4 protein chains.
Amino acid sequence: MPRGRTRDTDAQQRILDATIDLLGSRGAGQLRMDEIAAGAGVGKQTIYRWWPSKHAVVIDALLQRSTKETPFPDTGDARRDLRSHMRGVVRVFSSPTGALIRELVAESQVDAVVARAFVDRFWQPRRDLSTAFLQRAIERGQVRDDIVVEVALDAIYSPLWSRLLIGYGPVNVRLVDDVLAIVWPGLAA
Amino acid sequence: MPRGRTRDTDAQQRILDATIDLLGSRGAGQLRMDEIAAGAGVGKQTIYRWWPSKHAVVIDALLQRSTKETPFPDTGDARRDLRSHMRGVVRVFSSPTGALIRELVAESQVDAVVARAFVDRFWQPRRDLSTAFLQRAIERGQVRDDIVVEVALDAIYSPLWSRLLIGYGPVNVRLVDDVLAIVWPGLAA
Amino acid sequence: MPRGRTRDTDAQQRILDATIDLLGSRGAGQLRMDEIAAGAGVGKQTIYRWWPSKHAVVIDALLQRSTKETPFPDTGDARRDLRSHMRGVVRVFSSPTGALIRELVAESQVDAVVARAFVDRFWQPRRDLSTAFLQRAIERGQVRDDIVVEVALDAIYSPLWSRLLIGYGPVNVRLVDDVLAIVWPGLAA
Amino acid sequence: MPRGRTRDTDAQQRILDATIDLLGSRGAGQLRMDEIAAGAGVGKQTIYRWWPSKHAVVIDALLQRSTKETPFPDTGDARRDLRSHMRGVVRVFSSPTGALIRELVAESQVDAVVARAFVDRFWQPRRDLSTAFLQRAIERGQVRDDIVVEVALDAIYSPLWSRLLIGYGPVNVRLVDDVLAIVWPGLAA
DNA sequence: ATATAAGCGAGACGGTACGTCTAGTCTTATC
DNA sequence: GATAAGACTAGACGTACCGTCTCGCTTATAT
């Protein structure tokens with residue numbers, strides 16, 4: 001065993017929790033390093049030991065919080081499963097996680113490193129799950145096989161994203177059904 | 001007419017131009033009040049006299065620059081007209097105007113006043129034109145009359161927006177055609 | 001006679017009055033050009049038409065206000081006349097004129113032009129009167145003829161000035177008598 | 001002992017040094033916070049953390065620089081000792097310290113807090129030394145015991161001060177002798 | 001009577017320094 | 001030796017005030 005004080009592994013968790021608390025309660029853009037540190041009962045240096053920047057913390061907080069938040073059911077009915085997943089996305093957007101996402105998208109406009117990390121670590125893994133879902137549905141013959149999958153997913157999900165980010169309209173269950181009503185005809189086999 | 005020296009509209013224009021130059025050349029988040037003032041040959045106070053915040057300037061710059069940038073043609077063929085308009089949007093997103101939009105969306109996550117102004121002054125007027133277009137197409141019998149127009153427009157345009165803001169894929173002419181391929185079947189009468 | 005509207009000589013007076021009012025009521029360092037203009041019901045340009053800077057106005061206000069404020073009596077008794085004059089100085093220092101003087105001395109530390117103007121136009125004329133008074137007393141045989149007159153006047157008056165400017169002690173009638181008690185023996189023939 | 005990084009006394013010293021350099025080389029009123037910070041290699045916040053205002057820095061610079069600059073000799077000959085001390089004051093007034101003093105007196109006209117600090121921390125301690133000196137001389141029978149000590153010191157020193165601050169005449173060794181020639185007769189027992 | 005011209009109040013202008021804020025780094029005493 | 005505390009550098013922010021410039025109005029002389 002090395003000498004000296006042992007690492008406080010709990011601190012890392014408290015930092016992520018404080019990040020979510022602050023962003024969730026005050027909204028995107030109101031996050032201060034001093035406050036994360038104070039809220040976690042931690043020195044700022046401890047944060048910077050593990051993360052290179054404020055937004056790296058936010059990404060990890062987002063990843064930890066949102067793991068398995070929106071699973072894909074597999075009932076065999078592709079439309080129903082998709083609807084179920086989209087409802088999960090709506091719930092996430094309305095939760096504190098929504099504030100984390102908004103914070104990161106805001107910073108993504110400014111900082112290409114954050115943008116890259118957000119896409120690679122948050123967006124793409126979830127997109128991959130959706131892609132797999134859609135391809136399964138194609139193989140089962142529930143969805144047409146001549147569509148561009150990537151763009152199909154855009155048509156399905158991006159209305160939720162643009163409303164989250166621009167705020168011109170509600171993000172709710174009703175929206176999910178309206179989107180499907182319009183998009184599904186172009187997808188169904 | 002009020003007494004006193006009148007507002008220097010040339011200075012106002014130089015401020016908006018400097019804003020666009022700086023945002024266009026350096027990207028969102030790289031805009032500094034001192035630099036706008038220096039670039040416009042203006043004192044900072046002159047900016048603050050007429051705009052309440054940096055982002056109010058950006059909104060005005062955006063509005064001035066983007067007027068009539070993406071007109072709606074009316075050939076009678078709704079799909080063709082829509083495609084033409086979407087290509088215009090793609091062009092705008094790739095121009096310096098795209099940087100203005102990204103700057104404002106970033107700030108919208110943080111500042112509700114900016115978010116409101118962006119929607120009311122930029123987004124909604126353009127959305128109204130799109131809405132009118134779609135309703136015209138419905139009346140002509142080219143588009144189904146049982147869709148939710150607002151959501152239909154989301155399905156059409158939001159893929160462009162989410163790619164602009166999140167950056168997971170290209171925003172180009174190809175995307176326009178792919179989106180139409182998926183969405184149009186659900187719209188066509 | 002030149003064409004055009006004639007100068008409003010009353011405005012000049014209102015400017016000086018406003019300057020004294022503001023300095024007198026709020027103290028040195030609290031004088032703003034905008035407020036002088038507003039107080040005098042005048043545009044700032046009108047002030048700058050007649051005076052090159054804010055402190056040039058203050059000097060003129062001081063000169064106008066203090067003319068003949070502290071006359072030298074001539075009773076034939078040099079000590080008594082001197083005491084009477086010093087009492088006048090004490091009164092001036094306690095009046096709004098004191099604030100004008102403090103303002104100008106403050107600016108004199110910073111601006112050599114103001115310093116020069118203050119000495120040449122305010123200080124030296126008064127000093128000349130004192131010098132004349134002292135020389136008269138020497139001629140009459142009431143004051144020794146082997147003193148350096150300039151320095152004798154310093155010994156007499158500068159205690160009042162240093163107290164005005166540094167504020168370590170009161171400037172009152174009692175001080176006048178105490179100063180004379182100490183200095184007069186070195187002056188009396 | 002409190003936790004956390006301790007005050008960087010070297011930075012503190014560099015701030016005071018930069019203050020003296022700037023004031024000494026450019027004169028009173030030419031001191032800029034940004035330049036002190038740049039000259040000291042320090043952030044502005046560090047200055048404001050330890051001093052409430054620019055002039056609080058100047059006072060501390062003055063105190064540090066002038067400690068023991070003008071000691072009182074004690075040869076037993078009061079007039080000679082006084083002359084020696086006054087020559088020290090003349091030297092100080094001609095040094096960069098003179099610029100610090102002029103800066104503080106200028107601000108004293110405007111800011112009562114600075115005025116109070118200047119008197120309490122700089123003026124009064126030195127005045128106390130002079131008072132003690134004079135009382136010693138009285139006890140030794142070299143100076144009359146019926147004078148007001150405070151005013152005697154005014155008569156001695158204030159000619160130097162009023163010339164420093166108003167600038168109507170030189171502050172040099174000659175002045176010291178001339179002042180003593182006039183004032184000493186009123187003091188000597 | 002009309003044209004011309006200077007002075008005027010109002011207030012916008014360019015510029016400079018201010019004091020504040022917060023990111024990310026560095027240093028100390030403590031555990 | 002890792003930690004909490006917190007001081008550190010750097011740099012943008014929004015405000016205040018100076019002295020200048022410009023507008024439309026007023027007041028006078030010259031035609």
Side-chain angles (χ1 to χ4, degrees), chain A residues 1-9 11 31-38 40-49 51-56, chain B residues 1-12 30-38 40-54, chain C residues 1-11 31-35 37-38 40-55, chain D residues 1-12 30-38 40-54:
Chain A
M1 182 104 185
R3 286 209 233 166
R5 181 169 177 173
T6 50
R7 287 202 172 190
D8 181 354
T9 48
L31 194 63
R32 310 280 169 252
M33 269 310 212
D34 287 13
E35 294 177 323
I36 298 176
V42 138
K44 280 203 290 177
Q45 195 54 247
T46 300
I47 304 178
Y48 283 104
R49 210 187 320 276
W51 293 277
S53 74
K54 183 169 70 166
H55 290 99
Chain B
M1 180 104 189
R3 292 227 217 157
R5 182 173 178 172
T6 49
R7 178 171 183 172
D8 182 347
T9 52
D10 190 52
Q12 181 185 0
Q30 304 308 309
L31 195 62
R32 311 278 167 252
M33 273 308 210
D34 288 18
E35 293 178 324
I36 298 176
V42 139
K44 276 200 291 179
Q45 194 57 247
T46 297
I47 305 178
Y48 284 106
R49 208 186 325 269
W50 302 116
W51 291 279
S53 74
K54 185 166 64 171
Chain C
M1 181 102 187
R3 287 210 227 170
R5 181 172 177 173
T6 49
R7 288 196 172 192
D8 180 353
T9 49
D10 190 48
L31 193 64
R32 310 280 167 250
M33 270 309 213
D34 287 13
E35 293 177 324
V42 139
K44 278 203 292 178
Q45 194 55 249
T46 299
I47 305 177
Y48 283 104
R49 211 186 320 274
W50 280 317
W51 292 279
S53 73
K54 183 169 71 167
H55 290 99
Chain D
M1 180 100 188
R3 291 222 218 161
R5 182 171 178 173
T6 49
R7 178 170 183 173
D8 182 346
T9 51
D10 189 50
Q12 181 185 359
Q30 304 309 309
L31 194 63
R32 311 279 167 253
M33 273 308 211
D34 287 19
E35 292 178 326
I36 298 175
V42 139
K44 277 201 290 179
Q45 193 56 251
T46 297
I47 305 178
Y48 283 106
R49 204 183 332 266
W50 302 115
W51 290 278
S53 74
K54 185 165 66 171

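Only a predicted model underlies this, so the values are computations on that prediction, with no experimental measurement involved. Every chain is numbered from 1, with letters handed out A, B, ... down the list of sequences. Values reported hereafter were calculated over all heavy atoms of this structure, with side chains retained and with hydrogens, waters and symmetry mates removed.
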Practice task
Apply salt bridge (charged side-chain N to carboxylate O under 4.0 Å, His left out) to K44(D) and list each qualifying residue two or more places apart in sequence or on a separate chain.
Solution key: D34(D)

Problem - d(CH2, W51(A); P, dT25(E)) in whole Å - result: 15 Å

Practice task
Return yes if the base of dC8(E) and the side-chain atoms of R5(C) contain a donor-acceptor N/O pair under 3.5 Å, otherwise no.
Solution key: no

Completion exercise
Applying side-chain hydrogen bond (donor to acceptor under 3.5 Å, both in side chains) to Q30(B) and not counting sequence neighbours gives none

Practice task
Select base, sugar-phosphate, or nothing to describe what T46(D) touches, counting heavy atoms under 4.0 Å on all strands.
Solution key: base

Handout entry: Phosphate contact (dT3(F) OP1 or OP2) by R49(A) side-chain N/O below 4.0 Å
Key = yes

Completion exercise
With B for base contact, S for sugar-phosphate-only contact and - for none (protein heavy atoms under 4.0 Å), nucleotides 10-17 of chain F reads B-SSBBBS

Exercise for the section: Report which part of the nucleic acid W50(D) touches: base, sugar-phosphate, or nothing (heavy-atom distance under 4.0 Å, all strands). Expected result: sugar-phosphate

Exercise for the section: Examine dA7(F): is either OP1 or OP2 under 4.0 Å from a nitrogen or oxygen in the side chain of R7(D)? Give yes or no. Expected result: no

Completion exercise
Atom CG of D8(B) and atom P of dT22(F) are separated, to the nearest Å, by 9 Å

Completion exercise
Here the gap from W50(D) atom CH2 to R7(D) atom CZ, rounded to the nearest 0.5 Å, amounts to 5.0 Å

Fill in the blank from the handout: Sorted by chain and number, sequence neighbours left out, side-chain hydrogen bond (donor to acceptor under 3.5 Å, both in side chains) with Q45(C) holds for none

Problem - A40(C): partners by side-chain contact (heavy atoms from CB on, under 4.5 Å), with sequence neighbours left out - result: R14(C), I15(C), A18(C), V42(C)

Fill in the blank from the handout: By side-chain contact (heavy atoms from CB on, under 4.5 Å), R5(B) pairs with (sequence neighbours left out) none

Practice task
Let me know the distance between NE2 of H55(A) and P of dT22(E), rounded to the nearest Å.
Solution key: 14 Å

